[in-house]
**Q** 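To start, I am sharing the structure in question, which I have written as structure tokens.
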Amino acid sequence: MALGDLMASRFGHSSSSPSPSLAPVPPLPHHHHNHHQNHVADDLPVASGPEPKNGLEVPEVEKPASEAYLPQVVVLCDYRHEGIDEATTAALSTSGLVSNWRPKDRTKTGCGALVLCLNISVDPPDVIKISPCARMECWIDPFSMAPPKALESIGKTLHSQYERLQPKARYKLQLDPTVEEVKKLSNTCRKYAREERVLFHYNGHGVPKPTSNGEIWVFNKSYTQYIPLSITDLDSWLKTPSIYVFDCSAAGIIVKAFLERLDWSSTSSASSQKDFILLAACEAHQTLPQSAEFPADVFTACLTTPIKMALHWFCKRTSLHGPLDRSLIDQIPGRQNDRKTLLGELNWIFTAITDTIAWNVLPRDLFQRLFRQDLLVAGLFRNFLLAERIMRSANCSPVSYPLLPPTHQHHMWDAWDMAAEICLSKLPQLIADPNTEFQPSPFFMEQLMAFEVWLDHGSKDKKPPELLPIVLQVLLSQPHRSRVLVLLGRFLDMGPWAVDLALSVGIFPCVLKLLQSSAMDIRQNLVFIWTKILSLDKSCQVELVKDGGHAYFIKFLDSLDAFPEQRAMAAFVIAVIVDGYRMGQEACMNAGLMDVCLRHLQPENSHAQTEPLLLQWLCLCLGKLWEDFPEAQLLGLQTNGPEIVICLLSEPQPEVRAAAVFALGNLLDTTSNSHDDGSDDDEKVKAEINVVRSLLQISSDGSPLVRSEVAIALTRFALGHNKHLKSVASEYWKPQPNSLLKSLPSLANISNPSNVYSPNNILQGRIGPVLRVASDSGAAGRDGRISTSNPIATSSIMHGSPESDDSSQHSDSGILLRGNASNGGFSYTRSRPVDNVIYSQFISTMYSVSKDPDPTIATIGRRALSLIGVEQVVMKNTRFNSGGSHRGETSASNFGMARSSSWRDMKSGSILMKFMTPPVSPPQHDYLPGLRRVCSMEFGQHPINPPNGLADRLLSSAAGPSNAEPLPQSTIYNWSCVQFSRPVLTVSDDNEETNARREEREQIALDYITKCQRSSCKMTSQIASWDTKFELGTKAALLLPFSPIVVAADENEQIRVWNYDDALPVNSFQNHKLSGRGLSKLLLINELDESLLLAASSDGNVRIWKNFAQKGGEKLVTALSSVQGHRAAGRSIVIDWQQQSGYLYASGDMSSILVWDLDKEQLLSTIQSTADTAISSLSTSQVRSGHFAAGFADGSVRIYDVRSPDRFVYVARPHAPRTEKVVSIGFQPGFDPYKIVSASQAGDIQFLDVRRAAEPYLTIEAHRGSLTALVVHRYAPVVASGSAKQMIKVFSLGGEQLTIIGYLPSFMGQRIGSVNCLSFHPYKSLLAAGAGDNALVSIYAEENYK
């Protein structure tokens, strides 16, 4: 089973997932006017009314289901809404995990000195031997032959044993040497090894014990004396790095002497840290075992022939039936490096067990140093663990440096004993019949089963799996490889910690080597494993390219027999390979990566992919291939790459759109020198212009993820086309002798002559930009006039002209146009006229981006403007501030680059713009007479501190933008990489908790609804009153469904949260910090799940918050401009939300209604309102998805259906002959989707039935010309209205007045204040009312409310 089969269904981009059907919501009580129940036929004709729509009928739809009242759609809960910055930071923080898995200095042992001091037949004077005693040296009896021959045989055998450990090292033998011979041998070994490690093996069985100073003994030339050899001399000859093996009694004395020398060296400033390793046979007070059951060199035997030594030792302790001839051990068939033989399998099991013991008991860095850096060192230390086990049974304790913890009683030795017992039981039969078929040991299968059990129950919080090194060893086996890869993939999927553990064990070389395999059954698992590795450590790209691994993944990406999700992982691996690595980019380009990606992106290709994850990573892969790689960029432009990728800009998934923008942005060359006039790359420039034109069209995308990438890509364009953009911005600035502001055409008219809606027509907002070129000389720099043809100036700049008395109300910011000052003049190169339109559109768009509702994107926009010499200058709105903004707060935008000083707070009553001139220019004081009422303009050379002005200098000097600051970096790639570091094979437990909480809330909601529908709905009891302390009164209020929380906001967009049960504040925060504030509406999203707060500003910007009811925990989930470039005069944007469809509807003083799909964060449709007046109210149906009603400023009412081909369903003028605007409109509660309630400013409330005549069937004259709010309960048969005359009235759907509220329940009977907003609780009979003059929020309920 491949891992792909487990994870194929785990990737999904849709956030709306239906739950099981709910129990029916109880029906509403019958009312006398309700002649049609919800079973009425849908094909009844719709009455036309005053404006007939002949033949128009309600589109046939299914009968509304009961669960429509508790919508199952959940939006804005995808991974991208958790916060890009936080996710990327978390991803980068995990990079610290992998800092230790790679061997820092991978070394090898290049040469070995084997010194034997045996002096056979002569015992040293300090040794008293027992009888019988140990005699074997290298498994040879030295007394079985002449002493010289025995010495030579023992030396050759030791030589061959070390060669089996490390065949590539060179070993030199010295038998019974003198001091000079040892010195010569040591110097020769160091010379040969150079910087590599040198082995020094010392057998001192024929000489006395080391001296108390740690000196070892050798001989004189005549063998008549023992000569001491200082370890200081020995160390000076062998130098570092080195490894010493001392097989003699009291060897611990030598170790102690070495460590004393090490301490002395470390305190000496002239000496560097020594890199040496010590292995000694016993401690300082111990003598080597003399029992005949052991060899005399038992320590050497354990280190060099571990299998033989272990089996000999085991035979003495085995409980096997019958005696076993130990001579059979020497006849074990096979080779140590052949795992399909008995000897090879035993060696394999021994390696796995000793690795496992070491990995579980040693610190990670020590394990890496001793078991992964050097092949010979690793082998010796594995065998050292065996020596400790065997020699401790003889009361002898081997010593090492670095010091190892005791391992002789580790439980894994039991597994070795079992494997040895199975081997010995088979041995006689195998020797008797060599043709007997070899049966593998069940050891590895059993260990894999144990590892699988751990995977089923283990986690990060539990003890790591101790069998991981064994899994690595099994990976080397062909029969078990497929299963091991599946288990390993499951383990790596547990998180970065698991990947780090696997890498620390040493998995990397194995999976790298497997890329050379052509086996089809391991491809998917191998791709998955590499995905997990590279999601943690991207530095592996070097080894992958070096070994040609990139071709493996490109081939897999091009295959059609794998799941798209698996191919997306292959694309991720390739993207990492080419990420910032030129050799990787070149290798992948030569391997045809670009053709593969583009071929699978082409929509006309029959094999083109539609899986979002694969589309996303194909684009990211292309983007990383093109990034800063001119050859690949040029090839991409020539191979129709942009046209193919541009098709993805309309994909429903924001991740795909953002990845496509990332790819297109990396096609743009940031080298400005390549775009001078007369260059030979006109075709390239044209291709780039086409790319930019496409990017400009989606600059108002609904997803911040996409808009951020667009802003970054356009910033690259600003850097590459810097000169032309500057020239376009400057050539329109020409001095006019007698006029300050005559006719400033809209930039949209320049870029869009037809003046139809375009996303680029964004500057027609409520902005008053003021343009100024900073220059130190020339009339153009001093007369203060602004060109009438400047592309940045729009018609709205007239608000700041003498012809407008409303300038201070609308002008909240300005922009400063900077140019390069050269000898006091403004120098630029005139751009090609064919490009002027796109350059003008670029400046317009980036100005809009600089005011994006997402602050991160706005910063990028200001950076792009800075690159082309346009700086934004903050101005303060005097009229706005005089209206009562908080003192000490600034209502100005935080415009400026990250590198620049920020604006300080500005005092109210004064507007100042400060322009910095180059230092060579003397201070000039020149005031624009036409703007004198709006602002004073001061030219200065140094920053000043005026009493009512700014304290900081401008963002940068007028000498031109500094490009020293790096370009804003894209986030989509790093953010997307984090997805693969998360578990993808298992469903998170959080989903189960979410579903359980959802079911609990649904039941609570149903109980509330049942109780609410049976109540009297007489809101006569004030259960709470909250002084919000809003200086401008309460603009909007909202009751949360499952907690006693009310949310309120004012015109300054200050949002405050209050607990009305405890009468305590919960949270307070600002919706945004830009100028030009004004709130339109508060809405609740996902009210049955983790609720989100939608705050709609009057300018159409929508910001959605989560954790808003936590003290200081509010977090921006997403933000968008709901009306894009439409100019809404009077800041009259109206918005409503429909949960069951996931649609957000927005309109205002414009001829269309924009429908946004918040799940896709994309503009779904633009519906023409078919009316000549502005839309003043919107309301969505809670029964029918895509159904909504609109009230207009002329008193008319229309109903629309997004699903209908004509969109338009119904029109009526229920408030005729009055023409006051519709203040509020709403669908009546219940299953009937055809009844609406409409209230006009004149004070009348009209009840309409869409299926009947356009005339209302019920009219309530609620207020006289002062109605300010109307709200319809979602489930209870009740409506409430409020007026500016401090009155709230509650009516039943039959027209009966249930409650009238005019006074607060206080001793003095204070009036409630003018009603600004009303809001019912979603499921309870609770009404929240916000007042405009006293800023109170009052909550009303029935008398018996608990």
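Start at 1 with the first residue, then count along the sequence.
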**Q** Kindly determine whether Ser1196 and Asp1194 satisfy side-chain hydrogen bond (donor to acceptor under 3.5 Å, both in side chains), including the steps that lead there.
**A** CA-CA 6 Å; Ser1196 63; Asp1194 61 357; 2.7 Å; yes

**Q** Within the supplied structure, the quantity of interest is the number of heavy atoms (other residues, nucleotides, ligands) at a distance under 6.0 Å from Lys1289 NZ; does it exceed 12?
**A**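 Above 12, so yes.
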
**Q** Mind listing the closest non-hydrogen atom pair of Gln1286 and Ile1312 along with its distance?
**A**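 That closest heavy-atom pairing would be O-CG1, 3.7 Å.
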
**Q** Grab the two heavy atoms, one from Ala1049 and one from Leu1082, that are nearest each other, plus how far apart they are.
**A**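 Distance-wise, the nearest heavy atoms are CB-CD1, 3.9 Å.
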
**Q** Drop me the distance from Ile1260's CD1 to Glu1296's CD, to the nearest 0.5 angstrom.
**A**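 The CD atom of Glu1296 is 10.0 Å from CD1 of Ile1260, to the nearest 0.5 Å.
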
**Q** Mind checking what makes side-chain hydrogen bond (donor to acceptor under 3.5 Å, both in side chains) contact with Ser1319, not counting sequence neighbours?
**A**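 For Ser1319 there are no side-chain hydrogen bond (donor to acceptor under 3.5 Å, both in side chains) partners, ignoring immediate neighbours.
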
**Q** Any chance you could lay out the side-chain contact (heavy atoms from CB on, under 4.5 Å) test for Leu70 and Leu1006, step after step, and finish with the verdict?
**A** CA-CA 9 Å; Leu70 297 179; Leu1006 291 175; 3.6 Å; yes

**Q** Between Glu1090 and Lys1106, is a salt bridge (Lys or Arg N to Asp or Glu O under 4.0 Å) present by the stated rule, with each step listed?
**A** CA-CA 8 Å; Glu1090 292 295 333; Lys1106 71 176 181 180; over 6 Å; no

**Q** Under 3.5 Å, is there a donor on one side chain and an acceptor on the other for Gln1168 and Tyr1200?
**A**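 No pair is found: no donor N or O on one side chain lies under 3.5 Å from an acceptor on the other.
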
**Q** Does the pair Thr1020 and Glu1343 meet the rule for a side-chain hydrogen bond (donor to acceptor under 3.5 Å, both in side chains), with working shown?
**A** CA-CA 6 Å; Thr1020 57; Glu1343 288 291 345; 2.9 Å; yes

**Q** For the atom pair OG (Ser1179) and CG (Asp1136), what is the distance rounded to the nearest 0.5 Å?
**A**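 Here the interatomic distance stands at 5.5 Å.
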
**Q** Do Gln1022 and Ser1338 pair up side chain to side chain, a donor and an acceptor below 3.5 Å, judged on atom types alone?
**A**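 The criterion, which ignores hydrogens and geometry beyond distance, is satisfied for Ser1338 and Gln1022.
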
**Q** Begin with the C-alpha distance, continue with both residues' side-chain angles, and end with the deciding distance and a verdict on salt bridge (Lys or Arg N to Asp or Glu O under 4.0 Å) for Arg1218 and Asp1244.
**A** CA-CA 10 Å; Arg1218 299 184 181 96; Asp1244 59 316; 3.5 Å; yes

**Q** Residues in side-chain hydrogen bond (donor to acceptor under 3.5 Å, both in side chains) with His1273, at least two apart?
**A**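 Counting only residues at least two positions away or on another chain, His1273 forms no side-chain hydrogen bond (donor to acceptor under 3.5 Å, both in side chains).
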
**Q** Looking only at heavy atoms, which two atoms of Asn1086 and Val73 are closest? And how far apart?
**A**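 Minimum heavy-atom separation between Asn1086 and Val73: OD1-O, 4.2 Å.
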
**Q** Could you walk me through whether Tyr1257 and Gln1246 pass side-chain hydrogen bond (donor to acceptor under 3.5 Å, both in side chains), step by step?
**A** CA-CA 8 Å; Tyr1257 65 80; Gln1246 307 292 346; over 6 Å; no

**Q** Taking Leu1040's backbone N and O only, do any of them form a donor-acceptor pair with His1321's side chain (distance below 3.5 Å, no angle check)?
**A**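 A pair under 3.5 Å: yes.
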
**Q** If I compare all heavy atoms of Val1272 with all of Gly1226, which pair ends up nearest, and what's the gap?
**A**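 It is CG2-CA, 4.3 Å.
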
**Q** Given 3.5 Å as the limit, does a donor-acceptor pair link the side chain of Thr1268 with the main chain of Gly1282, or not?
**A**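 Here the side-chain-to-backbone pair exists.
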
**Q** Assess Arg1274 against Phe1320: is NZ or CZ under 6.0 Å from the centre of the six-membered ring, and within 45 degrees of the ring's axis?
**A**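 No, Arg1274 and Phe1320 do not form such a contact.
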
**Q** Do you see a donor-acceptor pair shorter than 3.5 Å between the side chains of Glu1342 and Ser1021?
**A**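 Result is no, nothing qualifies.
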
**Q** Any side-chain heavy atom of Leu1079 sitting closer than 4.5 Å to one from Asp1050?
**A**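 Heavy-atom side-chain distance check fails, nothing below 4.5 Å.
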
**Q** Quick one: closest heavy-atom pair of Ser703 and Arg657, and the distance?
**A**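 Answer, listing the atom of Ser703 first, then Arg657: CB-NH2, 4.0 Å.
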
**Q** Is the number of heavy atoms from other residues, nucleotides or ligands under 6.0 Å of Asp1172 CG greater than 12?
**A**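 No, the 6.0 Å shell around CG holds no more than 12 heavy atoms from other groups.
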
**Q** Is Asp1157 reaching over with its side chain to a backbone N or O of Asp1159, donor-acceptor style, under 3.5 angstrom?
**A**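 Yes: the side chain of Asp1157 pairs with the backbone of Asp1159.
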
**Q** When you compare the side chains of Ser1238 and His1215, does any donor N or O come within less than 3.5 Å of an acceptor on the partner?
**A**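 Ser1238 vs His1215: donor-acceptor pair found between side chains.
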
**Q** Give the intermediate values and the outcome of salt bridge (Lys or Arg N to Asp or Glu O under 4.0 Å) for residues Asp1201 and Arg1184.
**A** CA-CA 9 Å; Asp1201 192 334; Arg1184 180 168 291 174; 5.0 Å; no

**Q** For a quick check under 3.5 Å, do Gln1138 and Ser1181 share a side-chain donor-acceptor pair by atom type?
**A**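 No, Ser1181 and Gln1138 have no side-chain donor paired with an acceptor closer than 3.5 Å.
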
**Q** Could you tell me whether the side chain of Ser1122 and the main chain of Asn1101 form a donor-acceptor pair under 3.5 Å?
**A**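 The answer is no, because no donor-acceptor pair under 3.5 Å joins these two groups.
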
**Q** For the pair His1263 and Ser1281, evaluate side-chain hydrogen bond (donor to acceptor under 3.5 Å, both in side chains) and give the outcome as yes or no after the intermediate values.
**A** CA-CA 9 Å; His1263 308 276; Ser1281 63; 2.8 Å; yes

**Q** Could you tell me which residues satisfy side-chain hydrogen bond (donor to acceptor under 3.5 Å, both in side chains) with Ser1224, sequence neighbours excluded, listed by chain and number?
**A**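 For Ser1224 there are no side-chain hydrogen bond (donor to acceptor under 3.5 Å, both in side chains) partners, ignoring immediate neighbours.
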
**Q** Quick one: closest heavy-atom pair of Ser1177 and Ile1225, and the distance?
**A**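 Minimum heavy-atom separation between Ser1177 and Ile1225: OG-N, 3.1 Å.
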
**Q** Rounded to the nearest 0.5 Å, what's the gap from CG on Leu1093 to CD1 on Ile1085? Could you check?
**A**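 Here the rounded value is 8.5 Å.
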
**Q** How long is the span from the OG1 atom in Thr1166 to the CE atom in Met1150, to the nearest 0.5 Å?
**A**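 Answer rounded to 0.5 Å: 8.5 Å.
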
**Q** Rounded to the nearest 0.5 Å, what separates atom CG in Leu1270 from atom CZ in Phe1291?
**A**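 Answer for the CG-CZ pair, Leu1270 versus Phe1291, is 9.5 Å.
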
**Q** I'd like to know if Asp1089 and Arg997 make a salt bridge, using a cut-off of under 4.0 Å between side-chain N and carboxylate O.
**A**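 Salt bridge flag = no for Arg997 with Asp1089.
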
**Q** Is there a donor in the side chain of Tyr1210 and an acceptor in the side chain of Arg1251, or the other way round, less than 3.5 Å apart?
**A**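 Judged by distance alone, the side chains do not pair up.
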
**Q** Just checking, any donor-acceptor pair under 3.5 angstrom between side chains of His81 and Thr1118?
**A**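 Result is no, nothing qualifies.
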
**Q** Does some side-chain heavy atom of Thr1034 sit less than 4.5 Å from a side-chain heavy atom of Val1337?
**A**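 Yes, close enough: below the 4.5 Å cut-off.
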
**Q** To the nearest 0.5 Å, tell me how far Phe1042 CZ sits from Tyr1008 OH.
**A**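 Nearest 0.5 Å value for the CZ-OH distance: 7.5 Å.
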
**Q** Among residues at least two apart in sequence or on other chains, which ones pass salt bridge (Lys or Arg N to Asp or Glu O under 4.0 Å) with Arg1264?
**A**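 Expected list: none.
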
**Q** Taking ring-ring contact (aromatic ring centres under 6.0 Å, His included) as the definition, give me every residue that meets it alongside Tyr1145, ordered by chain and number, with sequence neighbours left out.
**A**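 Partners of Tyr1145 under the ring-ring contact (aromatic ring centres under 6.0 Å, His included) test: Phe1188.
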
**Q** Below 4.5 Å, heavy atoms only, C-beta onward: do Leu1327 and Val1278 meet side chain to side chain?
**A**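 They are not in side-chain contact.
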
**Q** Side-chain donor-acceptor pair under 3.5 Å between Ser1169 and Ser1151, yes or no?
**A**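 No pair is found: no donor N or O on one side chain lies under 3.5 Å from an acceptor on the other.
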
**Q** Check whether more than 12 heavy atoms from other residues, nucleotides or ligands sit under 6.0 Å from atom NZ of Lys1324, and answer yes or no.
**A**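 Result for NZ/Lys1324: enclosed.
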
**Q** Do Thr1299 and Tyr1340 come close enough that some side-chain heavy atom pair is under 4.5 Å?
**A**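 Side chain of Thr1299 against side chain of Tyr1340, heavy atoms only: no contact under 4.5 Å found.
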
**Q** Quick one about Gln1003 and Asp1007 (side-chain donor to acceptor, distance below 3.5 Å, no hydrogens or angles considered), yes or no?
**A**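 Yes.
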
**Q** With sequence neighbours left out, what residues match Ser1176 under side-chain hydrogen bond (donor to acceptor under 3.5 Å, both in side chains)?
**A**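 Result, side-chain hydrogen bond (donor to acceptor under 3.5 Å, both in side chains) vs Ser1176: none returned.
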
**Q** With salt bridge (Lys or Arg N to Asp or Glu O under 4.0 Å) as the test, would you mind laying out the steps for Glu1087 and Arg1001 before giving the verdict?
**A** CA-CA 9 Å; Glu1087 64 185 30; Arg1001 288 189 171 185; over 6 Å; no

**Q** Is it the case that Asp701 and Gln1162 place a side-chain donor and acceptor less than 3.5 Å from each other?
**A**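 The answer is no; no qualifying pair exists.
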
